[in-house]
Amino acid sequence: MSSGYVARRIAVFFLIVWLAASLNFLLPHTANVNPVRQRLARLQAFGVASGVTATRASGEEKSLFEETVKTWERKFGLDQPLWKQYVRYMGDIARFDLGFSIVNFPASVLRMILQALPWTVMVIGLATIFSFILGSMLGALMVWRRDSTMLKVIGPPILALSAIPYYLLGIGLIFILAFTWQFFPLSGGYDYGTIPDVSWNFIRQAGHHAILPALSIVLAQIGFWGLHMRGMMVTVQEEDYMQLAEAKGLKGTRLFLRYAVRNAILPQATNLALTLGLIITQGVLVEVVFSYPGIGTLLFSAIRNLDFFVINGIVFIIVLSVGLATLIIDLLNPILDPRIRYQQA
Amino acid sequence: MADPVTKSPPAHTAEANNEVVLSVEDLKVYYDTPSGPLKAVDGVSFTLTRGERLAIVGESGSGKSTLATALMRMTRSPGRVAGGRVILDGKDLLPLTAEQIRRVRLSEIALVPQGAMNSLNPVMRVEDQIIDGMVDHSETGRAAKPELRPRVHELLRRVGLSTSVSRMFPHELSGGMKQRVAMAIATSLSPKVILADEPTSALDVVVQRQIMQTLGQLQEGLDASTVLVGHDMGLVAQFADTIGVMYAGRLVEIAPARQIFQNPLHPYTRLLIKSLPSLAGKGEFIAIPGLPPTLLDLPQGCSFNPRCPDVFDKCSAVTPQLLEVMQGRSAACHLFEQKGEDN
Ligand SMILES: Nc1ncnc2c1ncn2[C@@H]1O[C@H](COP(=O)(O)OP(=O)(O)OP(=O)(O)O)[C@@H](O)[C@H]1O
Ligand SMILES: [Mg+2]
């Protein structure tokens with residue numbers, strides 16, 4: 001892999017991030033929605049924005065409202081010309097300054113995201129990797145050990161699980177394991193009233209809470225990975241190099257791992273990186289179902305409360321993670337498959 | 001003119017020549033199809049002596065690859081060995097356990113695959129693909145890579161490749177180079193029998209000859225016996241001591257190469273040789289009339305009878321057996337059965 005290739009890939013990564021950030025900036029402006037005004041209008045409807053009472057004259061009320069909007073717009077820099085806003089936005093993005101939450105002002109968006117991210121990465125991310133390993137091995141073994149009675153019995157039902165959406169699986173798991181039998185907590189990332197720290201007790205608690213959300217993802221994804229792997233293994237088994245490898249009298253494990261799985265896993269690796277890049281969006285439903293304190297829940301509540309800068313910040317993080325995943329695929333693929341190295345030399 | 005492909009005459013003593021290395025007895029390999037068993041190999045028998053080069057020729061679909069695969073005991077479903085014995089060095093391969101047959105492969109009988117492009121693992125370096133076979137056959141099971149590297153280089157040199165090939169990946173090699181790597185692998189443990197199934201298909205003519213020449217040198221160097229499968233009678237003729245002709249899953253003639261060319265016995269062999277393009281008969285192509293039969297629905301009696309120029313009544317009634325009709329020559333044809341047997 002040449003350094004030119006690496007440099008090119010990294011340049012492409014930054015280009016994507018820049019384009020995405022620009023879109024992220026421009027789209028809301030073209031939509032002609034003023035987030036501050038909307039937010040305030042909504043609060044006013046509930047009668048909390050300016051403490052106005054219904055008896056006040058409507059004209060007075062209106063001007064007060066406009067004034068509040070102006071103040072807030074100034075605060076968020078929305079009164080500036082577009083290009084100035086853009087330059088400022090780009091500068092902020094470069095420093096990972098994603099602004100402030102409108103709803104929880106003055107909480108910084110970055111802080112909120114950084115608080116939520118570990119939950120998502122640890123649970124959804126690890127569950128994805130875990131289901132990738134389990135599913136791929138299951139799919140591979142179902143082809144390799146065609147005659148195994150155990151695989152014949154347990155394999156197809158596990159693969160069929162992928163037909164059920166994971167949030168439905170999650171609801172089912174909650175109902176059976178948390179509600180009916182109460183093996184696991186119903187929701188949340190830790191016990192109510194606990195303050196997160198790095199104590200052993202807290203980690204155990206968090207683990208206990210993580211099992212159900214993780215399980216629903218593992219159960220739903222295992223079939224996906226298994227089906228793909230099974231298909232690839234069937235193809236690989238027909239390859240000439242498998243016949244020669246068998247004629248070489250190689251040991252079974254070497255034949256399986258170094259020849260069959262090693263080749264069948266190649267397209268899977270790309271899939272895995274992309275899936276990991278999308279864990280935030282993938283996690284939304286699971287996190288909401290389990291009221292999990294991850295970034296999916298954050299996004300969900302931000303959308304509900306029209307917390308514009310939080311939405312914007314999370315979307316940017318999503319783009320960033322997809323871009324990173326793509327970069328990793330591009331850098332990893334030539335190592336996994338020497339033929340790609342060759343084509344790009 | 002000395003032909004480099006042709007084996008240098010009497011390389012072995014007559015005594016060594018009689019030592020049987022591989023003996024195939026009434027081997028039957030059937031494919032289970034929805035419309036019944038397809039008899040791809042139906043009662044094939046032959047013996048191979050030490051250092052002998054046997055070529056199996058026949059049209060596409062006559063069961064050559066099925067036979068070769070069965071000799072490695074690598075028949076895959078829906079195929080199955082329906083009967084017979086494959087005796088390598090006094091040991092029947094068919095009843096061996098999976099682990100026993102694994103140990104026999106490569107160390108005693110090795111495969112040189114079809115000269116197509118995909119016989120090597122695309123994600124492994126050449127040296128690793130040579131080494132892993134040796135490691136999995138070593139007694140200790142753990143032979144270190146650096147230790148084996150000189151051996152890899154020696155093997156590569158022996159098949160006419162530069163040692164720098166060892167660090168390369170298959171896609172960096174030409175078809176001919178890949179086939180040389182495959183030969184280096186096949187000879188890495190000095191097997192008693194080298195089995196080559198159309199080793200030169202998909203290669204150009206010049207490379208074909210070079211590959212056959214290398215195969216010949218390797219075989220002589222190791223004093224191994226060779227079973228060469230091919231459909232190019234011309235290429236095979238220069239290489240082999242003995243030629244076996246297959247038709248519809250059966251051996252119809254087996255004889256020393258020279259004699260089979262000078263005086264083919266079976267009408268099918270005769271047509272095969274006639275159909276070889278020659279310089280003298282420029283522009284003429286002689287094809288064997290008719291089509292190869294479908295193995296699921298073979299004609300009564302001799303399978304070749306609908307296409308045979310010398311067909312007579314008995315041919316469509318009785319299946320001829322492979323019999324020794326002359327000194328060292330066998331044919332399965334009613335034309336050559338002893339007159340006395342007819343009564
Ligand atoms: N997997 C299979 N299932 C069913 N029939 C098969 C299978 N493989 C081969 N056959 C049949 O067995 C017969 C012999 O096939 P085989 O591949 O041994 O022929 P071959 O002589 O090697 O031909 P070629 O010169 O084209 O390689 C053919 O009629 C083929 O249709
Ligand atoms: Mg074949």
Side-chain angles (χ1 to χ4, degrees), chain A residues 1-2 136 140-148 151-152 229 232-270 329 331-345, chain B residues 65 68-69 71-77 98-126 128-138 141 167-172 178-179 181-182 185-186 188-189 191 194-195 197 202:
Chain A
M1 198 164 25
S2 65
S136 299
L141 282 173
M142 280 177 77
V143 176
W144 199 252
R145 299 238 177 283
R146 257 178 242 267
D147 319 314
S148 153
L151 286 173
K152 267 189 215 159
M229 191 64 180
M232 279 310 298
M233 280 292 281
V234 169
T235 314
V236 165
Q237 267 206 326
E238 297 303 314
E239 297 282 354
D240 297 342
Y241 55 75
M242 290 309 297
Q243 199 206 3
L244 183 64
E246 197 187 348
K248 273 158 72 174
L250 296 179
K251 288 185 178 153
T253 37
R254 189 196 298 280
L255 208 56
F256 178 63
L257 291 176
R258 297 296 306 271
Y259 283 76
V261 170
R262 179 68 176 76
N263 280 287
I265 207 94
L266 291 178
Q268 293 276 90
T270 301
I329 296 170
L331 296 183
L332 214 59
N333 261 342
I335 294 170
L336 289 178
D337 189 343
R339 286 165 295 183
I340 292 173
R341 206 179 310 173
Y342 179 71
Q343 279 163 16
Q344 285 161 345
Chain B
S65 295
T69 313
L71 296 186
M72 299 286 304
R73 223 194 75 182
M74 278 174 39
T75 305
R76 275 199 203 172
S77 167
E99 174 61 17
Q100 284 169 330
I101 190 71
R102 179 185 82 70
R103 293 198 154 275
V104 169
R105 290 179 192 146
L106 195 67
S107 66
E108 291 182 55
I109 179 164
L111 179 77
V112 176
Q114 202 148 347
M117 312 315 268
N118 297 322
S119 292
L120 298 173
N121 186 347
V123 298
M124 269 171 89
R125 291 184 196 279
V126 164
D128 294 328
Q129 304 198 43
I130 299 176
I131 287 174
D132 61 7
M134 298 197 272
V135 169
D136 280 2
H137 283 89
S138 71
R167 298 289 298 158
M168 291 185 179
F169 286 101
H171 67 261
E172 298 171 286
K178 279 187 233 182
Q179 197 57 329
V181 170
I185 293 173
S188 60
L189 296 177
I194 300 172
L195 192 60
D197 186 357

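Everything numeric here is computed off the predicted structure, so don't read it as measured data.
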Could you tell me whether the side chains of A/Gln237 and A/Arg146 share a donor-acceptor contact shorter than 3.5 Å? yes

Go through the atoms of B/Glu99 and report whether side chain, backbone, both or neither lie under 4.5 Å from a heavy atom of chain A. neither

A/Asp240 versus B/Ser119, side-chain donor and acceptor atoms under 3.5 Å: no

Chain A contact via B/Arg73 - side chain, backbone, both or neither, heavy atoms under 4.5 Å: neither

With side-chain hydrogen bond (donor to acceptor under 3.5 Å, both in side chains) as the test, pick out the partner of B/Asp132 among A/Arg258, A/Arg254, A/Lys248. A/Lys248

From the list B/Leu111, B/Leu106, B/Asn121, the residue making the most non-hydrogen contacts under 4.5 Å with chain A is B/Asn121

Do B/Asp136 side-chain atoms and A/Lys251 backbone N/O form a donor-acceptor pair below 3.5 Å? yes

